[in-house]
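Computed over heavy atoms, backbone and side chain alike; hydrogens, waters and symmetry mates excluded. It should be emphasised that the depicted structure is a prediction, and the values quoted were computed from it without experimental measurement.
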Amino acid sequence: MSDVIKLLPDSVANQIAAGEVIQRPASVIKELVENAVDAQATSIQIILKDAGRTLIQVIDNGMGMSDTDARLAFERHSTSKIRQADDLFSLHTMGFRGEALASIAAISHIELRTCARGAQLGTKLLINASQCESQEPDVCPAGCNFMIKDLFFNVPARRKFLKSNQVELSNIIKEFEKLALVNYNIDFSVTHNGNMLYKLAGGTFKQRIIALFGHNIDQQLIPLNVETSLVKITGFIGKPESARKRNAMQYFFVNGRFMRHPYFHKAVLSCYNELIPDDSQPKYFLVLDVDPETIDVNIHPTKTEIKFENELPIWQIISVAVKETLGRFSVVPSIDFDKEDAPEIPSFSLPHTSKAPDIAVDKSYNPFKQQTGSHSGGYIPSSQNSNLPNWEELYKNFEKSKQEGLDEMGDLPAMTDVPTLANPIVDVEDEIQSVMQLDNRYLFTVTQDGVVILDQHRAHLAVLYERLMRQIDGMNVVSQRVLFPEIIHLDVAQNAVFEDIEPELEKAGFSLSKLSGGDWSINSVPPGLDNVDIIELLNEVITSVSGVMSLKDKVFEKIALAIASKAAIPYGRQLNQQEMITLITDWRKLSNGKYTPSGKLIANVLTVDQVMRMF
């Protein structure tokens, strides 16, 4: 039998290893900036073209390298950070494995100009896919100037699966924010396709947070400072009223390194119980300083997962520190029971009953008609152009008799040629005999297969969503002008995605104007968003489309889902027999009648066999 095991060539081994360290352009920036920080740089410039696809240039004023070191730095496992394995437990640098530059060199063209501090002459090095093409003396300032060109040029599969420029730029900005936050004493600048995105001067930690996320955040932060024998914790936590549902600013740093730590994250969240809604997240920027010998950063190629020797005690210290800080700044309300004139609180007990309390229902509310009146979103739409073309078609069948509604169902533009359920719960041809409503929430109807149980809100949401998607796809949406335009504030990462989806938002009925920085004016919105927080909706759209290849469908889906969610029959609404039959008839025509667009179960069936087994 011939030998089958062969030693891989260095070029192939380097490309395989590069896949672990360099995942996208943001990974290159992380590695090069961390090397510049280790080289004691006080100023770092980042220049990008096409979100890093064409060019990533990082210029620093650090210690620089000699010509020999410059050549050796691109060899795998060559490093100046450690000398032996024990050094891993006393790390004071960001890098230590000696893999980053070798991985970058394996999948790109590199041009390096570097000069050591105090040297009269530097060196220029050209590398192509790990092969050194030339090295010659060069006159250049002290420090390093890395130019990474045509990333993944020799790994077409990896290059093919890179996202759009806006998405990759957003990832770069998020990575840069972590680096800039922890290295707040260093000057940074970021330029993309000739446009200056950031120009940050060194300063304090709070100054860097404000420079990155805007002056509005200044009033939202509470300083935290605690020091024990195990850990020193400094930084800021957000006030409860500044909590967000999405894109919360949450950063942990340990010994000058960004880290992800779900266990410590839960310690912070536990302190905000009863202070913020369950679906919201608080802000925090916390810096931990511990003995390097008590942590292990060598457990993942990205070095963002860190193991702590004293994990439980530090969890308790974080929890106590956050609670104490919230209480010290009077964020947690207190009650004084010692006042002589305090009113007496009577004692009482709740009656024991198995029946749920009745839901207060506004009898005048009709979910089948477009609502007008109060606007919780902070703006007041004018009465002009307030009707979406064919908007009444969404509801008119609910106001007709059973037979009339069924006769005209085929004439509705939104419901023609709708395929039946891929996995139908009931046969569409079955005649609906009768429907019963339970708890003003669920509908029951009997078919030959058994009893179908339907969630009325989710079913109506799915019906409206499908019709709205047809109208949006047909470009039948007319904008509704707002009397007082709202301003949405976006950070650089959000703004990069928002600029890409802005044309699709315009088609969906939004009218937006670009202001200075990351501010946008919302001038018009699609009709039907009277009770929707427009700024929250747009933030959700940005989050939902980040990281996807095609943005168009995601934007339209998010808008249609928001409108349908607000217009759908609410829980607690009592329906008459005709309304229930019409709703079930519409639901049975859906292309996907078992789940809502967000994946929640709409209906289920209790079969005859299951009923028999009960008895």
Parallel, tilted or perpendicular: ring planes of Phe213 versus Tyr251, cut at 30 and 60 degrees: tilted
From CD1 (Ile318) to NZ (Lys266), nearest 0.5 Å: 14.0 Å
Ring centers of Phe285, Phe236 separated by less than 6.0 Å: no
Under 3.5 Å: donor-acceptor pair, side chain of Arg158, backbone of Ile22: yes
Straight-line distance of Lys307 NZ to Thr294 OG1, nearest 0.5 Å: 12.5 Å
Whether Trp520 and Phe498 hold their rings parallel, tilted or perpendicular, with breakpoints at 30° and 60°: perpendicular
Qualifying residue, where the test is side chain to side chain contact (heavy atoms under 4.5 Å, CB included) with Pro25 and the options are Ile148, Leu162, Asn171, Leu48: Leu162
Cationic N near anionic O, under 4.0 Å, Arg24 to Glu168: yes
Proximity of Tyr284 and Phe252 rings by center, below 6.0 Å: yes
Spacing of Leu224 atom CG and Leu326 atom CG [to the nearest 0.5 Å]: 8.5 Å
Trace of the side chain to side chain contact (heavy atoms under 4.5 Å, CB included) decision for Leu112 with Met147: CA-CA 6 Å; Leu112 168 63; Met147 298 179 68; over 6 Å; no
Arg53 and Asn165 side chains, donor-acceptor separation under 3.5 Å: yes
Between OG on residue Ser189 and CD1 on residue Ile44, distance to nearest 0.5 Å: 9.5 Å
Donor-acceptor contact present, side-chain Asp291 to main-chain Val231, <3.5 Å: no
Close side-chain approach of Ile487 and Ile522, heavy atoms under 4.5 Å: no
Atom pair CG/NE2 of Asn195 and His192 - distance to nearest 0.5 Å: 8.5 Å
Full working for side chain to side chain contact (heavy atoms under 4.5 Å, CB included) between Val287 and Ile233: CA-CA 6 Å; Val287 180; Ile233 307 175; over 6 Å; no
Side chain to side chain, Ser270 and Ser319, heavy atoms closer than 4.5 Å: yes
Side-chain donor-acceptor contact under 3.5 Å, Glu305 with His261: no
Donor-acceptor pair, side chain of Gln207 and main chain of Thr204, under 3.5 angstrom: yes
Donor-acceptor pair between Asn495 and Glu499 side chains, under 3.5 angstrom: yes
Within the 6.0 Å centroid threshold, strictly below: Phe153 and His109: yes
Heavy-atom neighbours of Phe146 CZ exceed 12 at 6.0 Å: yes
Minimum side-chain heavy-atom gap Ile314-Leu288 below 4.5 Å: yes
Heavy-atom side-chain contact between Leu181 and Phe258 under 4.5 Å: no
Heavy-atom closest pair, residues Lys49 and Asn193: CA-OD1, 3.2 Å
Side chains of Val290 and Leu230 in contact at under 4.5 Å (non-hydrogen atoms): no
Option passing side chain to side chain contact (heavy atoms under 4.5 Å, CB included) with Ile46 (candidates Ile172, Val33, Thr191, Leu197): Val33
Any donor-acceptor pair under 3.5 Å from Ser280 side chain to Ile276 backbone: no
Lys283-Gln220 side chain donor-acceptor pair, cut-off 3.5 Å: yes
Side chain Thr596, main chain Arg458, donor-acceptor under 3.5 Å: no
Minimal non-hydrogen separation, Pro223 against Thr325, with atom names: O-CG2, 3.3 Å
Asp218/Lys206 ion pair, N-O < 4.0 Å: yes
Worked check of ring pair (Phe, Tyr, Trp, His ring centres under 6.0 Å) between Phe188 and Tyr198: CA-CA 7 Å; Phe188 283 97; Tyr198 289 104; 9.6 Å; no
Within-4.5 Å side-chain heavy-atom neighbours: Lys239 and Pro282: no
Heavy-atom pair of closest approach, residues Gly238 and Leu221: CA-CD2, 4.4 Å
Check: Thr54/Asp150 side-chain N/O donor and acceptor closer than 3.5 Å: no
Side-chain (Asp60) to main-chain (Gly62) donor-acceptor, under 3.5 angstrom: yes
Salt bridge flag under 4.0 Å for residues Lys149 and Glu111: yes
Distance (rounded to the nearest 0.5 Å) between Phe253 CZ and Asn183 CG: 9.0 Å
Heavy-atom pair with the smallest gap, counting every atom of Lys323 and Cys271: CG-SG, 3.4 Å
Side chain to side chain contact (heavy atoms under 4.5 Å, CB included) between Asn523 and Leu512, worked out: CA-CA 6 Å; Asn523 305 317; Leu512 306 161; 5.9 Å; no
Glu34 side chain to Glu31 backbone, donor-acceptor under 3.5 Å: no
Neighbour count >12 (heavy atoms, 6.0 Å) for atom NZ, Lys514: yes
Student check: side-chain heavy atoms of Val226 and Val320 closer than 4.5 Å: no
Nearest atoms (heavy-atom pairs only) where Leu169 meets Ala496: CD2-CB, 4.1 Å
Donor-acceptor under 3.5 Å (Asp533 side chain, Glu536 main chain): yes
Closest contact, heavy atoms only, Leu101 versus Ala73: CB-O, 3.7 Å
Ring geometry between Phe205 and Tyr184 (parallel below 30°, tilted from 30 to 60°, perpendicular above 60°): tilted
Worked check of side chain to side chain contact (heavy atoms under 4.5 Å, CB included) between Ile104 and Leu32: CA-CA 10 Å; Ile104 297 171; Leu32 294 182; 4.2 Å; yes
Short side-chain to backbone donor-acceptor contact, Asn539 and Ile535, under 3.5 Å: yes
pair Val492-Ile173: side-chain heavy atoms closer than 4.5 Å: yes
Residues Thr42 and Asp187: side-chain donor-acceptor under 3.5 angstrom: no
